[in-house]
Number of protein chains: 2
Amino acid sequence: MADTEPTPVPERKRGSGVKLVYDLLRDEILDLVLPPGSPVDEVQLAERFKMSRTPIREALVRLAGEGLIETLPNRSTMVSNIDFLNLHTFFDALVLMYRVTTRLAAQNHRREDLPIIRGLHEDYAAAVAARDTLAMIATNVAFHAAIAEAGRNPYFTGLFRRLLDEGRRILRLYYQSYEEQFPQRFVDEHAEMIAAIEARDIEGADRLGKAHAEQIVLQVQRLFSRNERLDIAL
Amino acid sequence: MADTEPTPVPERKRGSGVKLVYDLLRDEILDLVLPPGSPVDEVQLAERFKMSRTPIREALVRLAGEGLIETLPNRSTMVSNIDFLNLHTFFDALVLMYRVTTRLAAQNHRREDLPIIRGLHEDYAAAVAARDTLAMIATNVAFHAAIAEAGRNPYFTGLFRRLLDEGRRILRLYYQSYEEQFPQRFVDEHAEMIAAIEARDIEGADRLGKAHAEQIVLQVQRLFSRNERLDIAL
DNA sequence: TGCATTTTATTTGTCGACAAGAAAAATACA
DNA sequence: TGTATTTTTCTTGTCGACAAATAAAATGCA
């Protein structure tokens, strides 16, 4: 009974709480640990993270700013729904950003960008080999985000990141319900993209980015249309 | 002395404070009433708006999320600088979004969109006729935002709005230092764009959007390069 | 005077409490 | 039993106060 330490408090540093909550909630939303429609309760989160509602609230305001949660005034907050009816607008934007960022990377990358991109390429290949779904999704996002960074246009990078994030939720659904080893194809396409970027082949990078994106879109669309038919069949 | 009402408080409604502060600060930043680098003090704003720091802080978090203000941890908050060194990335993104949104409007607009767009077109023409700079900037943004809305892709619309907002600050500089009646040309180009959209001439709308955007970019670049030379001359 | 150290001031970050708004539950009434 | 009304509950919105972190000012010392 000598151990009378007041409490084994996590000892967080001032200012770190918001980021902690923001990062964690964001990942939980994008990995569908918190599926669309899940209630997000400030008091509950405050208890969970052992802090007051103020920093929780700030994290939620930021998530709302990115459209990841929705707030009904005076009433409740919940994880945003995926707008399946307008998926085509998402795909349109995604394809264009794949093209633009890959093209700009071919145009503007510096030598020091390539090792980073290659490293993430290998991470993705490893995740595919290990059949680790969550790792595949995460490393794929990181790979393309790194290409976008090498393109050096923060406006495009910003939109692309948002689209890739939203895509994490959709891909999560995809991999949950669909088993196939096609990702090897993506690994090969990634390698081609790197080659085009390194060769500063702008048109080639554009073409590969477009083809790669449309490949993904097609697969996902095929899945959803099949699911629709299944729903109707029930 | 019978009038002993406690205080003639503005009587704001619960939940409206954040929006009030957010909207006002946003406009003040974009109109350069608060120039880049201006300090943004929470306590001062709380006094000015007669509310506690909590809603002020929420408005600031949102503005920071859009990159309009920057926060140094534990120290200070200030209006974001305009990144003149990387203006070309801004122009690249702006031109592409002009193209994409105008193109999509030609493709996806509904009949009820056109009267709205025409109305804003006339507002812009009126502002040009009146030589009202702030009104020109504001109505121009509203006009192109309406076209983007008619294109019905929220991802593109979102990025475009951000770019147009950032453009408000740059155009404000432009009109402050540059006097010329070229805006009439923009009025004519706007009319052409409306015609292409109405005719569902997708390629034509794309071409017009691109030309229109490049026109603006060229003028602004010319101004800045002239200013640079002036700076050097001093 | 020049520099290191301590003190003060200023601004943000966090907290706990209370009030308002809206939905859900309970009650009253026919 | 069915509906209108009141009460309760639950969640968010706002407040005032305090603590921590940093920069600026003041002080001490050679």
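These figures come from a predicted structure and were not determined experimentally. Letters go in sequence order (proteins before strands), and every chain restarts at 1.
- Per the geometry, CD belonging to B:Gln44 stands 12 Å off C1' belonging to C:dT10, to the nearest Å.
- For the OP1/OP2 pair of D:dT12 and a distance below 4.0 Å, the side-chain nitrogens and oxygens of A:Thr77 include at least one atom meeting the criterion.
- OP1 or OP2 of D:dT12 has not a single side-chain nitrogen or oxygen of A:Thr71 nearer than 4.0 Å.
- Residue contacts for A:Val61: at a heavy-atom cut-off of 4.0 Å it reaches no nucleic acid atom on any strand shown.
- Rounded to a whole Å, the CG atom of A:Asn74 is 6 Å from the C1' atom of D:dT12.
- Between A:Arg169 and A:Asp31 there is no salt bridge, since no side-chain nitrogen of the basic residue lies less than 4.0 Å from a carboxylate oxygen of the acidic one.
- If you check C:dT11, C:dT12, C:dG21 against the side chain of B:Arg75, the one that comes closest is C:dT11.
- Along DNA chain C, the nucleotide nearest to A:Arg53 and the one nearest to B:Arg14 differ in position, and the one closer to the 5' end is contacted by A:Arg53.
- In this entry the distance linking CE of B:Met78 with P of C:dT11 reads 15 Å, nearest Å.
- In this structure, the CD atom of A:Glu47 is 13 Å from the P atom of C:dC15, given to the nearest Å.
- Residue-to-nucleotide proximity on DNA chain D shows that, of B:Gly17 and A:Lys13, the 5′-proximal contact is made by B:Gly17.
- Across all non-hydrogen atoms, the minimal contact from B:Ala59 to B:Val18 is CB-O, 3.9 Å.
- Nearest-nucleotide mapping onto DNA chain C: of A:Met51 and A:Pro73, the residue sitting toward the 5' end is A:Met51.
- Spacing between atom CD of B:Glu58 and atom P of D:dT12 amounts to 12 Å, rounded to whole angstrom units.
- One can place CG of B:Leu72 at 10 Å from P of C:dT12, the figure rounded to the nearest angstrom.
- In this structure, the nucleotide among C:dG16, D:dT14, C:dT11 sitting nearest to the side chain of B:Asp41 is C:dT11.
- When all heavy atoms are compared, the tightest approach of A:Gly151 to A:Asn108 is O-ND2, 3.1 Å.
- Between A:Ser52 and C:dC15 there is a side-chain polar atom (N or O) within less than 4.0 angstrom of OP1 or OP2.
- A:Asp27 and A:Arg168 are joined by a salt bridge, as a carboxylate oxygen and a charged side-chain nitrogen come within less than 4.0 angstrom of each other.
- Between the side chain of A:Asn86 and the main chain of A:Thr89, no donor-acceptor pair closer than 3.5 Å is present.
- Atom P of nucleotide D:dC10 and atom CD of A:Glu42 are separated by 16 Å, given to the nearest angstrom.
- Across all strands, B:Val18 comes closer than 4.0 Å only to sugar-phosphate atoms, never to a base (heavy-atom distances).
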